[in-house]
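As structure tokens, the structure follows; a few thoughts come after it.
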Amino acid sequence: MRDPVTGLLFVLPMLVLFLIFRIFPSLGAAGMSLTNWNIGGEWEFTGLDNYARMLDDPTFWISLKTTLVYVAVYVPMTVLFSLGTALLLNAVVTMRGLWRGMLFLPYVTSFVLAGVIWRWIYEYNGLINGLLAKLDLGPVMFLERSEIVLPALALVSAWKGFGYSMLILLAGLKAIPGSYLEAARVDGASAWQRFRSIVLPLLKPALFFVLIIETISGFQVFDTIYVMTGGGPARASYTLIYAIYDKGFRGFEFGYAAAFGMVLFAIILIVSLIQRRLLGRENT
């Protein structure tokens with residue numbers, strides 16, 4: 001018979017850390033969002049005034065729209081990158097570990113370093129525009145044009161973060177019995193038919209996990225924007241997380257910034273529940 005106390009003791013250290021660094025700060029932020037909290041630590045209970053103010057604040061609606069657009073671009077891009085590289089690695093026979101390490105390398109690179117590198121790549125005299133010049137094509141101002149700055153930033157974040165999701169999907173591919181694919185191959189199924197009818201259904205649990213973590217990552221984007229655009233141009237990359245930083249650490253309106261954070265938390269929770277509902281509980 002299993003002893004629940006023993007199991008609890010094993011998870012207790014992580015549970016304590018989770019409470020200290022996740023649950024308690026979240027509860028504190030929820031309480032702070034109901035106050036007018038200043039940098040000196042003085043506060044005044046204001047109820048739902050911060051939320052009412054937020055609804056009349058154009059900055060909130062701009063940041064919300066920007067965040068949703070960014071997530072809509074970033075998540076499919078990252079999932080496709082991760083799935084494509086996982087399929088390629090799964091088919092590689094020689095030097096698989098080397099390729100896996102090279103593709104995973106961007107993930108362990110800091111966002112600041114990645115932002116600096118890609119800022120140079122996107123610059124007027126950077127790598128991409130240098131290649132375009134050789135083709136007699138005009139320079140593209142990736143970070144100065146409002147209509148393309150979000151896809152440009154999403155590409156950087158996808159390049160930086162797809163390695164982790166790639167490994168998750170690769171593990172899912174390794175768990176698929178080879179006999180299933182071999183039987184389908186013998187029956188004359190094409191590569192696409194094998195992928196659609198066997199690989200994709202059996203990979204759904206891993207895909208669901210990847211979709212959830214990448215969606216959360218997309219909503220929480222900050223480092224890339226802070227390093228590369230600072231929310232510009234003309235607030236075209238001004239996301240909710242950047243608005244929280246702006247209101248809290250520039251405007252010192254910590255209660256108002258916490259209200260932004262609570263709205264972001266609610267949005268992430270709702271989107272995650274919708275994804276779970278659409279993909280089905282059996283895939284988790």
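Remember, it's a predicted structure, so these values are computed and weren't measured experimentally. Excluded from the calculations below are hydrogen atoms, water molecules and symmetry mates; all remaining heavy atoms, backbone and side chain alike, are included.
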Non-hydrogen atoms of [X] and [Y] that approach each other most closely:
X: G218; Y: V71; result: C-CG2, 3.6 Å
X: Y74; Y: A158; result: CE1-N, 3.6 Å
X: L143; Y: A152; result: CD2-CB, 4.5 Å
X: G232; Y: S237; result: O-OG, 2.5 Å
X: L169; Y: A86; result: CB-CB, 3.9 Å
X: T66; Y: Y238; result: CB-O, 3.5 Å

Transitively linked via ILVMFWY side-chain contacts under 4.5 Å: [X] with [Y]?
X: L269; Y: I267; result: no
X: L17; Y: L12; result: yes
X: I244; Y: F265; result: no
X: L273; Y: F219; result: no
X: M14; Y: L19; result: no

Neighbour count >12 (heavy atoms, 6.0 Å) for atom [atom1], [X]:
X: F222; atom1: CZ; answer: yes
X: W43; atom1: CH2; answer: no
X: Y51; atom1: OH; answer: yes
X: K174; atom1: NZ; answer: yes
X: F45; atom1: CZ; answer: yes
X: R22; atom1: CZ; answer: no

Output yes when a side-chain donor or acceptor of [X] lies under 3.5 Å from a complementary backbone atom of [Y], and no otherwise.
X: N36; Y: G255; answer: no
X: T239; Y: S63; answer: no
X: N50; Y: T35; answer: yes
X: W61; Y: L55; answer: yes
X: D246; Y: G251; answer: no

Distance-only criterion, 3.5 Å: show the donor-acceptor pairs between side-chain atoms of residues 99-114 and protein atoms not counting sequence neighbours.
residue	atom	partner	partner atom	Å
T109	OG1	L105	O	3.2
S110	OG	L113	N	3.1

Evaluation steps, side-chain contact (heavy atoms from CB on, under 4.5 Å), between L89 and M166: CA-CA 9 Å; L89 280 177; M166 174 196 70; 3.6 Å; yes

Do [X] and [Y] have side chains that get closer than 4.5 Å, going by heavy atoms?
X: T67; Y: Y242; answer: no
X: R53; Y: E253; answer: yes
X: I121; Y: W118; answer: yes
X: V210; Y: I168; answer: yes
X: L155; Y: M77; answer: yes
X: L153; Y: Y122; answer: no
X: P233; Y: V149; answer: yes
X: T85; Y: F162; answer: yes

Contacts of type side chain to side chain donor-acceptor pair (under 3.5 Å), residue D57, not counting sequence neighbours: T59, Y256

Spacing of CG belonging to L240 relative to CG belonging to L264, to within rounding of 0.5 Å: 5.5 Å

Euclidean distance, R235 CZ relative to T229 OG1, rounded to 0.5 Å: 12.5 Å

F209: which of L211, L207, I213 passes side chain to side chain contact (heavy atoms under 4.5 Å, CB included): I213

side-chain contact (heavy atoms from CB on, under 4.5 Å) evaluation trace for R119 with V227: CA-CA 8 Å; R119 186 175 179 85; V227 173; 5.8 Å; no

Pairs involving residues 184-199, ordered by first then second residue, that meet salt bridge (charged side-chain N to carboxylate O under 4.0 Å, His left out) (sequence neighbours left out): E182-R185

